[in-house]
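Order of the sequence lines sets the chain letters (A, B, ...), proteins ahead of strands, with each chain counted from 1.
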2 protein chains.
Amino acid sequence: MIRKINCSRNMAEKTPPNKPTESELEILQLLWEHGPSTVRFVNDELSKNKETGYTTTLKLMQIMHEKGFVERDEAGRSHVYKAAIEESATQKQLLDRFLETTFRGSALKLVMQALGNRKTSEQELNEIRNLLDKLKGNAK
Amino acid sequence: MIRKINCSRNMAEKTPPNKPTESELEILQLLWEHGPSTVRFVNDELSKNKETGYTTTLKLMQIMHEKGFVERDEAGRSHVYKAAIEESATQKQLLDRFLETTFRGSALKLVMQALGNRKTSEQELNEIRNLLDKLKGNAK
DNA sequence: AATTTATTACGAAAATTTTCGTAGAAAATA
DNA sequence: TATTTTCTACGAAAATTTTCGTAATAAATT
């Protein structure tokens with residue numbers, strides 16, 4: 001079997017972009033939250049926060065489709081897009097990166113910062129406490 | 001008489017504190033960690049992780065200077081740069097943004113995700129526990 | 001049927017971020 | 001002193017991300 005080895009640093013061939021851009025992430029949020037949606041709907045939602053041209057949103061979603069971040073149902077006239085990657089997995093990936101670049105990998109610092117400067121309900125604090133208990137068990 | 005006023009320096013200082021780009025953040029990390037540093041040092045540090053041209057790093061740091069993210073001492077031949085923005089303040093700003101775009105503002109989800117999928121030392125867990133106790137006190 | 005509206009596809013402009021080459025000067029070295 | 005190395009300044013190329021204009025077509029409306 002002969003295999004073609006691409007030595008160049010830029011193998012743009014099939015390397016799938018693994019990280020959504022910020023704009024793409026905004027759209028993914030909406031798809032995760034509302035389920036399968038049309039471009040029209042997504043654009044309306046985005047427009048609540050910032051002025052966004054329809055074709056801009058369309059183009060973004062088409063690109064996301066190419067990248068494999070979303071699937072779409074082309075049966076009807078207006079295509080229906082849905083997220084093709086899981087929310088929690090994506091969050092984890094982004095968190096890992098964020099943790100590294102912003103907190104030098106210290107989850108502790110991030111957590112302290114996240115909890116320290118924010119109002120967190122009693123119930124939420126308890127949930128975290130429970131999590132800590134579980135982790136304490138595993139750590140040994 | 002109408003006169004064109006050159007206020008480039010002032011404007012650079014007054015422009016709204018934008019958020020650092022990812023590359024800029026990497027450099028800020030190093031400055032926060034090691035204190036005032038030369039371009040050479042920063043570039044050497046960066047090169048440990050990824051191939052980085054010297055002038056690339058230089059240019060980035062010059063841009064950061066224009067943006068007001070760093071100050072520099074031009075006394076010697078090689079300028080000495082130091083961070084002009086605080087680490088914790090920057091982290092908070094970035095965290096707020098990240099929290100919104102990735103976790104829809106839920107600090108709880110972020111914390112759970114951050115602690116759940118990671119090995120955290122006993123000591124760190126205790127620190128968080130202490131923080132929780134303090135917060136519990138305040139919450140009432 | 002004719003017209004208006006809504007949608008996709010597509011290319012390219014615009015904007016932003018990153019990388020690099022070159023020139024000139026200062027310093028170090030041979 | 002002559003040469004090499006090291007540094008800054010600066011412009012611009014390259015790469016990435018975001019925005020938008022236009023054409024084609026299907027659907028809806030008049």
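A continuous path of ILVMFWY side-chain contacts below 4.5 Å connects A/Leu110 to B/Trp32, so both sit in one hydrophobic cluster. The hydrophobic clustering, which links ILVMFWY residues whose side-chain heavy atoms are closer than 4.5 Å, places B/Leu28 and B/Ile63 apart.
Applying the side chain to side chain contact (heavy atoms under 4.5 Å, CB included) rule to A/Gln93 yields the partners A/Asn18, A/Lys19; only residues at least two apart in sequence or on another chain are considered. Partners of B/Glu22 by salt bridge (charged side-chain N to carboxylate O under 4.0 Å, His left out), not counting sequence neighbours, listed by chain and number: A/Arg97. With sequence neighbours excluded, the residues satisfying side chain to side chain donor-acceptor pair (under 3.5 Å) with A/Thr57 are A/Asn43. With sequence neighbours excluded, the residues that form a side chain to side chain contact (heavy atoms under 4.5 Å, CB included) with B/Ser106 are B/Leu108, B/Lys109. With sequence neighbours left out, B/Lys50 forms a side chain to side chain contact (heavy atoms under 4.5 Å, CB included) with B/Glu26, B/Thr52.
As judged by a 4.0 angstrom heavy-atom cut-off over every strand, B/Gln62 is placed among the base-contacting residues.
Scanning atom types as modelled, one donor and one acceptor separated by under 3.5 angstrom connect the side chain of A/Lys59 and the base of C/dG11.
Direction change of the helix axis from one end of the helix from C/dA1-D/dT30 to C/dA30-D/dT1 to the other is 10°, with five pairs defining each end axis (rounded to 10°).
Heavy-atom distances under 4.0 Å link DNA chain C to B/Arg77 of residues 72-86 of chain B, given in residue order. Across residues 44-57 of chain A, A/Tyr54, A/Thr55 each have a non-hydrogen atom less than 4.0 Å from an atom of DNA chain C (numbered order).
Applying the 6.0 Å contact sphere to CD of B/Glu74 captures more than 12 heavy atoms from other residues, nucleotides or ligands.
The list of ring-ring contact (aromatic ring centres under 6.0 Å, His included) pairs with a residue in residues 36-57 of chain B, not counting sequence neighbours, reads B/His34-B/Phe41. Residue pairs satisfying the salt bridge (Lys or Arg N to Asp or Glu O under 4.0 Å) criterion with at least one member in residues 29-44 of chain A, sequence neighbours excluded, are absent.
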I'd like a list of close polar pairs between nucleotides 28-30 of chain D and the protein, N/O only, cut-off under 3.5 Å.
none

Report all side-chain donor-acceptor pairs from residues 76-89 of chain A shorter than 3.5 Å, counting only partners two or more places apart or in another chain.
unit_1, atom_1, unit_2, atom_2, d
A/Tyr81, OH, A/Arg72, NH1, 2.9
A/Glu87, OE2, A/Gln91, NE2, 3.3
A/Glu87, OE2, B/Arg104, NH2, 3.0

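Checking D/dT8, C/dT19, C/dT7 against the side-chain heavy atoms of B/Val39 singles out D/dT8 as nearest.
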